[in-house]
Amino acid sequence: MRRRRLLRVTAVATAGAAAGCLGGGNVGNDGSDSGEDDTGDGTNGDIEWPSEPYADYETTTVTVESPDGEARGSVTAAIADSGPKRRLGLSDAEALPEDGGMLFVYDAPLQSLTYVMRRMSFGIDIVFVDGDREIVRIHNAPEPGPNEDGEEQQYDGSGQYVLEVPYEWTDRHGVEVGDSLAFDL
């Protein structure tokens with residue numbers, strides 16, 4: 001309820017006041033989103049994305065294309081382009097809508113990257129992408145089990161970009177190694 005009230009206040013506030021209300025503060029888990037799983041796959045088609053604590057992140061539309069240019073699917077991705085944003089990842093998200101994701105951006109390709117499921121309450125696909133924006137590795141990473149914090153679930157790859165999307169999204173859209181990503185930064 002607190003989140004809905006904040007959104008109503010923001011809608012009627014001036015742009016300057018809205019920026020002041022929404023900027024930088026720590027937002028806790030206020031329980032305004034039921035977190036119910038509408039799709040049965042750990043996603044919730046009714047949530048806004050990006051939502052707190054990612055609401056101030058830049059976003060981009062990421063489209064996965066086959067080698068012959070056929071679009072396989074697209075998501076609105078929050079951009080994690082700094083150390084703190086990459087470390088936080090999706091750890092504080094309550095859910096991820098079917099058309100949402102997070103794009104991790106590095107300054108240059110890295111030979112060794114390891115992603116974990118730290119404090120995750122839903123599964124995701126982790127897609128490693130090279131500097132030419134070609135997919136080089138895909139992991140289906142299920143949510144951590146009861147009494148697990150996700151640190152032990154490690155997913156290795158390399159690249160300059162990593163795209164996280166809802167669990168088995170890549171399977172549902174026929175995404176494969178060798179496909180490419182199209183997006184603007």
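Values reported hereafter were calculated over all heavy atoms of this structure, with side chains retained and with hydrogens, waters and symmetry mates removed.
- Put simply, the side chain of I135 reaches to within 4.5 Å of the side chain of V64, judged on heavy atoms.
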* To do: Evaluate side chain to side chain contact (heavy atoms under 4.5 Å, CB included) for L185 paired with L103, printing each intermediate quantity in order.
  => CA-CA 10 Å; L185 290 178; L103 181 66; 4.2 Å; yes
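- Atom CD1 of residue I79 and atom CZ of residue R86 lie 12.5 Å apart, to the nearest 0.5 angstrom.
- When only modelled atom types and interatomic distance are considered, Q153 and Y155 share a side-chain donor-acceptor pair under 3.5 Å.
- In this structure, the separation between CG on D179 and CD on E70 is 9.0 Å, given to the nearest 0.5 Å.
- Using a 4.5 Å heavy-atom cutoff, the side chains of L110 and S158 are not in contact.
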* To do: Please report the C-alpha distance between T63 and L181 in whole Å, then the side-chain angles of each, then the deciding distance to 0.1 Å, and finally whether the side chain to side chain contact (heavy atoms under 4.5 Å, CB included) criterion is met.
  => CA-CA 6 Å; T63 302; L181 301 188; over 6 Å; no
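- Hydrophobic clustering (side-chain heavy atoms under 4.5 Å, transitive across Ile, Leu, Val, Met, Phe, Trp, Tyr) keeps V105 apart from F128.
- V129 places none of its side-chain heavy atoms less than 4.5 Å from the side chain of V136.
- Annotation: D68, atom CG; neighbour count of heavy atoms from other residues, nucleotides and ligands within 6.0 Å is above 12.
- Note that the CG atom of D81 and the CD atom of E58 stand 8.0 Å from one another [nearest 0.5 Å].
- R72 is listed as a side-chain neighbour of S66, based on a closest heavy-atom distance under 4.5 Å.
- Under a hydrophobic clustering in which Ile, Leu, Val, Met, Phe, Trp and Tyr are joined whenever their side-chain heavy atoms come within less than 4.5 Å, directly or via other members, M120 and V162 fall into the same cluster.
- Residues M102 and I124 have side chains not in contact (no heavy-atom distance under 4.5 Å, counting atoms from C-beta outward).
- With 3.5 Å as the limit, one finds a donor-acceptor pair spanning the side chains of D156 and T114.
- Residues F183 and T61 have side chains not in contact (no heavy-atom distance under 4.5 Å, counting atoms from C-beta outward).
- Under the 30°/60° scheme for interplanar angles, the aromatic rings of F104 and Y115 are found to stand perpendicular.
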* Asked: Between Y54 and K85, is a side chain to side chain contact (heavy atoms under 4.5 Å, CB included) present by the stated rule, with each step listed?
  -> CA-CA 9 Å; Y54 313 103; K85 288 180 179 179; over 6 Å; no
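- The hydrophobic clustering, which links ILVMFWY residues whose side-chain heavy atoms are closer than 4.5 Å, places Y161 and L88 apart.
- A salt bridge links E98 and R172; the closest N-O separation between the charged side-chain nitrogens and carboxylate oxygens is under 4.0 Å.
- Around CD of Q154, the count of heavy atoms belonging to other residues, nucleotides or ligands within 6.0 Å exceeds 12.
- Follow the hydrophobic side-chain contacts under 4.5 Å out from W49 and you reach Y57 in the same cluster.
- Side-chain atoms of W169 do not come within 3.5 Å of backbone N or O of D125 as any donor-acceptor pair.
- At least one side-chain heavy atom of F122 sits under 4.5 Å from a side-chain heavy atom of L96.
- Put simply, the side chain of V175 reaches to within 4.5 Å of the side chain of I138, judged on heavy atoms.
- Across all their heavy atoms, G150 and V116 have their closest contact at O-CB, 3.8 Å.
- Ionic pairing of R118 and D149 is not present here: no N-O contact between side-chain nitrogen and carboxylate oxygen is shorter than 4.0 angstrom.
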